[in-house]
Colleague: 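My questions all concern the structure below.
In listed order, ligands and their atoms are each counted from 1.
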Amino acid sequence: MKWRIGRVTVSKIVELEVTGGSRFILPQATYEEILPIGWLQPHFADERGRLKMSIHALVVETPDRRIIVDTCLGNDKQNRRIPTWNNLQGPFLADLAAAGFPRESIDTVLCTHLHVDHVGWNTMLLDGTWLPTFPRARYLMGRIEFAHWREQREREDMAAVFADSVAPIHEAGLADLVETDHRICDEVSLVPTTGHTPGHVSVRISSEGEEALITGDFMHHPCQIARPDWASTADSDAAAARRTRERMLQELCDRPVLVIGTHFAGATAGHIVRDGETYRLSV
Ligand SMILES: [Zn+2]
């Protein structure tokens, strides 16, 4: 799946897609609440009201950069809280190469935040050692994010993520710690969308008068476009995350900005339009 924004292209490389089982992330999104939001079907929910979600990476190609935004779960990882995320043996790197992006060709890795499903393929296991998957890339991580998760010791699973997917990049000298409004190149810059995590960012793409926004996780699922008050259990500051969703939806509403969702399944991208008292995603 590919989108064009002026001279930039964005390609989606899927690692996992699931229907149902997402209640742990969005407890308010019950079947009874989801079914009346008709526009969620068929891309984002099924006919029973179960949420469809995707874990994918987005490769952003500008005239002179090849950037991978968020690196999914990764293979061989251990100590993950979600049992099925342990010891994955998926074909992600082969799929990435088959789409025209061998890992050596990536020059920039960008993590919107440092949660487990956004940093996994930062590293790969080789002879018992976690090595950078993208050896020729600079890895851009938020300065605030990095400092926050480095100090996180309360939860073993989060410490494991930092140890196997973030620390090895820093130790290899490949990490650039950036501010939340960092400009990567003429066409691509970061937009602070904090709340989900302390240093969370989205990614703005703009070229030849066209514009797109990669959400990151300020919204996990398009149902939060209709219901921005629905918090995710993964939001580190639920009130701030809600304010960010409301501000961003207001900003994006009825504007020609292609919104590309980091966990949106199916069509994955669309435009935010007004829908009565709230909003919907027009795909
Ligand atoms: Zn996520």
Colleague: Check the surroundings of atom CZ in R274: do more than 12 heavy atoms from other residues, nucleotides or ligands lie under 6.0 Å from it?
Modeller: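 More than 12 heavy atoms, drawn from other residues, nucleotides or ligands, come within 6.0 Å of this atom.
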Colleague: Need the atom name: nearest N/O/S atom of D117 to the Zn ion (ligand 1).
Modeller: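 Per the distance ranking, D117 contributes OD2 as its closest N/O/S atom to the Zn ion (ligand 1).
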Colleague: Can you tell which of Q224, H220, H263 makes a side chain to side chain donor-acceptor pair (under 3.5 Å) with S232?
Modeller: H220
Colleague: Restricting to N/O/S atoms, is H118 within less than 2.8 Å of the Zn ion (ligand 1) or not?
Modeller: yes
Colleague: Looking only at heavy atoms, what is the nearest atom pair of I106 and V109, with distance?
Modeller: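 Between these two residues, the closest heavy atoms are CG2-CG2, 4.3 Å.
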Colleague: Is the shortest side-chain N to carboxylate O distance from D107 to R66 below 4.0 Å?
Modeller: no
Colleague: Checking only N/O/S atoms, does H113 have one that is under 2.8 Å from the Zn ion (ligand 1)?
Modeller: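 H113 does not place any N, O or S atom closer than 2.8 Å to the Zn ion (ligand 1).
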Colleague: D217: which N/O/S atom is nearest the Zn ion (ligand 1)?
Modeller: OD2
